[in-house]
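Letters A, B, ... are given to chains in the order of the sequence lines, protein chains preceding strands, and every chain is numbered from 1.
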There are 2 protein chains.
Amino acid sequence: MVSSSVSGTEPRRVTIHDVARSAGVSRQTVSRALNDKGEIDGTTKQRVLDAARALGYRPSRFARGLVRQDTTTIGLVIPDLLNPFFTEVAAAALEAARARGWHVVVYDTADRAEEELGTLQVIGSQVDAVVGYFSCPEDELELFTRGMPVVLIGREHHSARFSSIRIDGEEGVHAAVAHLVAAGHTRIGMLDHQARAEPSVRYEWFTAAAASYGIDPDLVVGADQSADGGGTALRTLLAAHPDVTAILTFNDIIAIGALREARRIGRSVPRDLAVIGFDGLQLGALVEPPLSSVALDTRRLGALAIDQVARLLTGVDPLTADDLVVRAELRLGESA
Amino acid sequence: MVSSSVSGTEPRRVTIHDVARSAGVSRQTVSRALNDKGEIDGTTKQRVLDAARALGYRPSRFARGLVRQDTTTIGLVIPDLLNPFFTEVAAAALEAARARGWHVVVYDTADRAEEELGTLQVIGSQVDAVVGYFSCPEDELELFTRGMPVVLIGREHHSARFSSIRIDGEEGVHAAVAHLVAAGHTRIGMLDHQARAEPSVRYEWFTAAAASYGIDPDLVVGADQSADGGGTALRTLLAAHPDVTAILTFNDIIAIGALREARRIGRSVPRDLAVIGFDGLQLGALVEPPLSSVALDTRRLGALAIDQVARLLTGVDPLTADDLVVRAELRLGESA
DNA sequence: ATGTCATCCGTGAACGTTCACGTGAGCGCT
DNA sequence: AGCGCTCACGTGAACGTTCACGGATGACAT
């Protein structure tokens with residue numbers, strides 16, 4: 001039962017003063033009662049509490065935050081929460097933040113540059129630090145996050161203003177290629193991420209590994225970052241190169257789409273087509289066959305990001321680039 | 001609750017006053033420059049901006065929030081972000097909140113009562129309203145959210161303080177049973193959620209539907225809310241009732257685990273075992289075979305919750321229980 | 001009666017920002 | 001000269017809470 005007032009009137013907030021007046025005490029006494037401080041009589045405390053409840057009083061977080069600066073809030077910016085990889089990273093970050101008693105405001109930019117920009121414009125006045133994925137140029141980022149610690153994930157940075165956590169899949173991808181080669185594959189394709197103009201870093205790892213085994217690295221096609229995108233890309237790849245017997249993918253979602261497509265066109269995995277993804281999502285264990293993947297520890301990723309934020313916030317001992325690395329390693333399922 | 005304080009010297013915040021002094025103007029002029037208000041000369045504005053940057057000034061969100069109450073922040077509480085159902089709900093809520101320019105603080109309680117309690121204790125002083133899942137008793141909820149709008153999801157409430165969004169799967173489950181009966185099934189099992197002591201509402205829908213078709217509703221076994229839990233439960237169910245040819249599950253995750261287990265024990269789906277889940281997760285389209293499910297529109301669920309929060313916040317036209325319903329309906333994949 | 005002490009409570013000030021005003025300079029017009 | 005207007009900027013006040021004090025009251029001992 002909401003206390004009804006005629007619509008149109010300004011509802012003026014119930015303040016600590018109102019409670020004080022109603023209980024016949026001072027502000028300070030109300031504050032004491034509500035915050036469980038000492039120096040207050042039991043009966044008056046109860047009286048204040050009753051008055052507060054009767055008036056529906058709720059302290060202003062702004063006023064409180066202004067005077068005691070003990071709460072830290074960080075902003076987590078991700079392109080798409082429905083992408084399981086980001087879900088895992090977000091969950092990990094939330095867990096690490098909770099352990100510190102921090103609050104996390106989550107922004108899903110829906111993979112759209114304008115939403116990302118909009119987020120940047122408002123986030124500065126809402127949080128104490130930012131961690132997440134950004135696709136905008138650094139100077140723009142710099143502009144809006146001025147004075148705040150910023151931890152980037154999976155992105156190189158040039159400005160000294162930012163920290164970034166590097167994802168190192170070089171060895172993992174190498175191991176994946178080695179695994180495929182050992183299984184007799186010689187025509188290995190890759191379903192890369194197509195959003196960017198230039199090929200991805202993961203593709204470069206692939207070419208490097210392929211080169212060391214004398215494998216042709218040019219069997220590559222761009223894929224939309226979704227299961228459907230993976231399916232479509234696999235079809236395209238096989239149409240151009242029917243002799244491909246194994247593929248690496250930019251990430252697990254694409255790989256899962258490829259698995260599904262392979263089943264549709266009657267290619268048995270891993271017999272007719274070996275598939276190795278990237279990310280090592282929990283989801284990979286649910287599909288058939290269980291996905292092999294160059295897996296990275298998303299939990300550590302999130303924890304590392306939060307840890308670095310903590311260091312930047314206090315200014316003590318920030319980690320250097322060498323420490324801010326999460327290495328991915330080959331984890332075999334049954335798809336390769 | 002644990003607030004880590006910085007050891008050492010407190011670096012005293014740089015305020016708008018410092019910028020003003022440094023630029024040789026007044027606070028108000030600084031405010032004008034930073035907020036792009038008019039009534040300021042171009043050169044002084046630039047001077048102020050330079051001074052602000054030089055000092056590393058960043059406005060206090062508390063002070064700003066105190067004076068202009070234009071930002072609303074809501075708290076979203078979920079038991080487990082890694083559970084795809086909650087991921088979808090969270091994504092939907094984030095989207096709806098973004099459309100309103102709201103900020104969302106996300107709390108993952110990790111399915112633990114103590115974390116939920118801890119969240120409740122701090123959330124009151126951080127947000128303007130709360131939406132989410134809670135497992136604690138109503139009076140406890142009431143205690144901590146006093147004076148705030150609260151929208152519960154998928155939970156009945158008795159106190160008038162709360163709104164809750166009801167998930168109505170009665171017709172959908174009925175349709176699912178009807179579908180199975182039409183396909184010739186007579187022994188239909190259910191993998192229910194086992195966490196609660198009493199059977200779930202979804203099981204009650206099942207018994208009701210089963211009754212109307214003269215089907216034995218007692219082929220039920222509790223499952224942990226995970227893929228592994230679904231697999232284990234299916235094994236238990238089939239051990240007790242080998243003649244079961246179709247199952248409904250509490251949710252899609254359990255169903256997906258059942259699918260995997262069926263494959264392991266050599267039961268072909270849907271030929272040897274028909275499976276129908278609940279939730280209609282996007283994930284269901286990725287598994288083999290694509291999952292049939294009593295699907296609910298998670299996007300609408302999130303949007304509805306946010307919409308109701310908006311109404312409660314402004315006090316105009318809050319929706320009633322009859323409107324706060326999301327109906328689930330049978331969506332056929334290939335698993336039944 | 002006086003001092004000592006603990007308990008309970010109130011008063012200004014501060015936190016950092018924006019809003020509603022006020023002010024003075026400069027300019028053009030009658 | 002006087003009036004009115006615009007432009008650029010400054011000044012007190014307000015937002016709602018907590019902190020650092022200080023004061024009043026009574027109990028108890030001296």
Q. Base, sugar-phosphate alone, or nothing: which one does Lys45(A) contact when heavy atoms must sit under 4.0 Å apart?
A. nothing
Q) Pick one: which of Arg161(A), Arg155(A), His158(A) meets side-chain hydrogen bond (donor to acceptor under 3.5 Å, both in side chains) with Glu138(A)? A) His158(A)
**Q.** Val131(B) side chain near Gln308(B) side chain, heavy-atom distance below 4.5 Å
**A.** no
Q.
Using whole Å, what does the distance between atom C1' of nucleotide dC15(C) and atom CZ of Arg64(A) come to?
A. 15 Å
Q) How long is the line joining CG of Leu34(B) and P of dT18(C), in whole Å? A) 8 Å
(Q) Under a plain distance cut-off of 3.5 Å, with no hydrogens placed, do Asp322(A) and Thr320(A) share a side-chain donor-acceptor pair? (A) no
Q) Are any of Lys37(B)'s side-chain N or O atoms less than 4.0 Å away from OP1 or OP2 of dC19(C)? A) yes
Q) Given that Leu66(A) and Thr43(B) both sit by DNA chain D, which one's nearest nucleotide is further toward the 5' end? A) Thr43(B)
Q | Atom pair distance, as rounded to whole Å: CG in Asp70(A) and C1' in dC19(D) | A | 13 Å
Q) Checking only heavy atoms, does the side chain of Glu39(B) share a donor-acceptor pair with the base of dC7(D) at less than 3.5 Å? A) no
(Q) If we count only N and O atoms by modelled type, under 3.5 Å, do the side chains of Thr119(A) and Arg98(B) hold a donor and an acceptor together? (A) yes
Q: Tell me whether the OP1 or OP2 atom of dG10(C) has a side-chain N or O from Thr29(A) closer than 4.0 Å.
A: yes
Q: Ignoring hydrogens and angles, answer whether the base of dG12(C) and the side-chain atoms of Arg27(A) contain a donor-acceptor pair closer than 3.5 Å.
A: yes
Q | Length of the CG-C1' vector between Asp41(B) and dC7(D), whole Å | A | 9 Å
Q: Could you check how far CD of Gln28(B) sits from P of dC7(D), rounded to whole Å?
A: 17 Å
Q) Between the side chain of Asp108(A) and the main-chain N/O of Leu81(A), is any donor-acceptor distance below 3.5 Å? A) yes
Q.
Can you work out whether Arg32(B) or Ile40(A) has the more 5'-proximal nearest nucleotide on DNA chain C?
A. Ile40(A)
Q: Round to a whole Å and report the spacing from CD1 of Ile16(A) to P of dC15(D).
A: 14 Å
Q: Verify the contact: side-chain N or O of Ser26(B) to OP1 or OP2 of dT11(D), cut-off strictly under 4.0 Å; return yes or no.
A: no
Q) Separation of Gln69(A) atom CD from dA14(C) atom P, in whole Å? A) 15 Å
**Q.** Whole-Å gap separating C1' (dA20(C)) and CZ (Arg68(B))
**A.** 16 Å
